[in-house]
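Predicted model, so just to flag it, every value in this text is computed and none were measured. The chains referred to below are lettered A, B, ... by the order of the sequence lines, with proteins before strands, and numbering in each begins at 1.
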Amino acid sequence: MVADIVASLKHKPGALLPVLHEIQRQFGHVPEEAVELIARGLDLPIAEVHGVISFYHYFSTSPRGRHVVEICRAESCQAMGGRELELFAKQKLGLNYSETTADQQITLEFVHCLGNCACSPSVRVGTQIYGRMSSERFEALIDELGAPALEAR
Amino acid sequence: MAGDPQIKIYVPRDSGAVSVGAEDVALAMDRALADTNATVVRNGSRGLYWLEPLVEVETDRGRVAYGPVTPGDVAGLLEQGLLQGAPTHSLCLGLTDQIPYLKNQQRLTFARAGVIDPLNLEEYCEVGGYRGLRRALTMTGQELVEEVKNSGLRGRGGAAFPTGIKWQTVLNTPARQKYIVCNADEGDSGSFADRLQMEADPLALIEGMTIAGLAVGADQGYIYLREEYPTALEILEAALSLAREKNYLGGNILGSGKSFDVELRIGARAYICGEETALLESLEGRRGMVRPKPPLPAMAGLFGQPTVVNNVLSLSSVTFILAEGAQAYQVVGMGRSRGTMPFQLAGNLKHPGLVELAFGVTLRELLYEYGGGSNTGLPLRAVQVGGPLGAYIPESQWDVPMDYEAMAELRAVLGHGGIVAFDERVDMSEQARFAMAFCADESCGKCTPCRIGSTRGVEVIDHICSNRDREANVKLLEDLCETMGKASLCAMGGMTPIPVRSALRHFPEDFQKS
Ligand SMILES: Cc1cc2nc3c(=O)[nH]c(=O)nc-3n(C[C@H](O)[C@H](O)[C@H](O)COP(=O)(O)O)c2cc1C
Ligand code: SF4
Ligand code: FES
């Protein structure tokens, strides 16, 4: 699978980031075993591929929860209670940043600005962005994510 | 109103409006309109975010606005004559164009944002779209560069470098391959104008890039879009396909014999990749390490070739400039800051949103006449302008006109035009600490003052706030800032001292914990 992804994108100039994005999109993270295949396919030193993966905050080398919940901790959100929201989220989920719940459902992350600063504070789950977040709305959002109805879909 | 043909109801689909429920409103509206001849059109936001989700209906008097609307309001709105634009419902805001926040703006770059369906190319053309490109196709590269020079446009990404002069360098540098790179990394917190432009009027950006390609002789463009913007990605991809289908992109554009195409590339969460040389490294598939200049990207940029790197707003403004002429842009503004700036009102304000105005409006006007003062009702205390590397400005300086030079005199920056307001509850020592921590987190690591200095900076601020060797540590912080400011390779390390020092200078009491 990894080899197919590499083969389909290697014609692009500067193909490494597009390849890593596609791998993370399909696997949820960039597995260690993929690194050697990527390096070989793109004719790059393994250390170079590792270096790139570790440089960018986005790429993860370990599996994450089914939902990645990201809290904006940049200035506009700070001005609208983002710091309190961060604390609440950590407490509600019992997680620190980059940790995953025991049931593998939710990984908590922070993000620096979602471009939603006119509706601060902001949270992102998957590709969905939520604005004007409060503790109550956050709680409802998390409950909804864990709801059995969603599991069944 | 069943039977009445073609009533259009607008419900925005940009990520900002959707973040506060526009998708559910659109669904509810769609369902409620099932057996009428009214249809829901998905536009972008008008930028009046406190009113989102904002629903509009087209009438012969113009568009009438209602907001903020929840799905639960839909039935009542329809009962009270939404389809006729009736004013009875309490959410009715009257004619959209007459809402003072919008009416008093000078929307040049954002003239179409929120007005059109971003993915309707015919509609785009009806309201002036692709007029600039058609004109550009009749001009030489040099004439195009002159036009941009004459407009006085300076880069909107932050550094405010004259766009025409950058283009001239690329035009003058002979090469078999040149590139246009759009910087859509919009890393500055408090900024969302690039996002709104791409989600509400993506073709304006694509058209601007095409014009840039014609001007300097480049046939390949890249948009480097931050990963944080999934909706912009989806809309841009669709817009690129539309433009290709209708031959506004690709080979032999509109039969002109000229070619240009654009590829979208996605960032991977690194603030430093907004810096143009780090961005180019990233596009080439490497870590986003800042390159020393020279060589300028204009001479040796992407894959070593002459490259125009411009911000989303710079390129979108070019579209206006070519359509309406350099003069129409150049006549507004103040001093050496010509044209308009799309200011972004964010943080603790009652009326956050996008405000495009000529340079010269004061910060106070933006905060109160547009922003409506604080959201919490508590007095405003500090305002950060120009992103995470921008100064915290105290009330005594809010009468500053928003102009690159006037801001520089205050040891502040205008940057990308993001304005984040804080009320009196802000602790400025925390804000200074955050600036250092952000730099430590996002530094590319190439130079010591930035990488180590910022980490030290966090510790020193902690010491100051816990009253450990206060005097000595304040002095140490000043020295650190001095070194970072002078000895950093790029503005990441070089400008982090700006928010830190401004906090210390204007709000010293916050660093004095008992
Ligand atoms: C740390 C850092 C981050 C930057 N981030 C951005 C950004 O997100 N978007 C942007 O357009 N310019 C950013 N810039 C400015 C770019 O380096 C460059 O000046 C700009 O893309 C040129 O385009 P313009 O002339 O149209 O503004 C950043 C600069 C620095 C030093
Ligand atoms: S100042 Fe910081 S971000 Fe800029 S080149 Fe140096 S280490 Fe990298
Ligand atoms: S600062 Fe949080 S969305 Fe911009």
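Contacts between B:Ile419 and chain A at a heavy-atom distance below 4.5 Å are absent for every atom of the residue. If you measure heavy-atom distances from B:Ser282 to chain A, the contacts under 4.5 Å come from both the backbone and the side chain. With a threshold of 4.5 angstrom between heavy atoms, B:Gln431 approaches chain A through its backbone and through its side chain. In this structure, the portion of B:Arg195 lying under 4.5 Å from any heavy atom of chain A is its side chain and not its backbone. Interface residue B:Ile266: backbone and side-chain heavy atoms are both found under 4.5 Å from chain A. Of the two parts of B:Asp14, neither the backbone nor the side chain holds a non-hydrogen atom closer than 4.5 Å to a non-hydrogen atom of chain A. Contacts between B:Val426 and chain A at a heavy-atom distance below 4.5 Å are absent for every atom of the residue.
Between B:Tyr271 and A:His112, the distance separating the two ring centers is not shorter than 6.0 angstrom.
In this structure, B:Tyr229 and A:Ile129 have side chains that are not in contact, with every pair of non-hydrogen atoms separated by 4.5 Å or more. The shortest side-chain heavy-atom distance between B:Ser19 and A:Cys119 falls under the 4.5 Å cut-off.
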Any chance you could lay out the side-chain hydrogen bond (donor to acceptor under 3.5 Å, both in side chains) test for B:Glu430 and A:Gln78, step after step, and finish with the verdict?
CA-CA 10 Å; B:Glu430 273 183 22; A:Gln78 291 167 6; over 6 Å; no

Salt bridge (charged side-chain N to carboxylate O under 4.0 Å, His left out) evaluation trace for A:Lys12 with B:Glu263
CA-CA 10 Å; A:Lys12 283 182 186 281; B:Glu263 185 179 331; 2.8 Å; yes

For side-chain contact (heavy atoms from CB on, under 4.5 Å), just list the numbers for B:Glu228 and A:Val111, CA-CA rounded to whole Å, side-chain angles, deciding distance to a tenth of an Å, and then say yes or no.
CA-CA 8 Å; B:Glu228 290 87 335; A:Val111 57; 3.9 Å; yes

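Between B:Glu227 and A:Arg124, at least one side-chain N (NZ, or NE/NH1/NH2) sits under 4.0 Å from a carboxylate O, which counts as a salt bridge. A salt bridge links A:Glu70 with B:Arg269: at least one charged nitrogen is closer than 4.0 Å to a carboxylate oxygen.
Between the side chains of A:Gln128 and B:Glu23, not a single donor N or O lies within less than 3.5 Å of an accepting N or O. In summary, the side chains of B:Glu442 and A:His57 do present a donor paired with an acceptor at a separation below 3.5 Å, with no hydrogens or angles considered.
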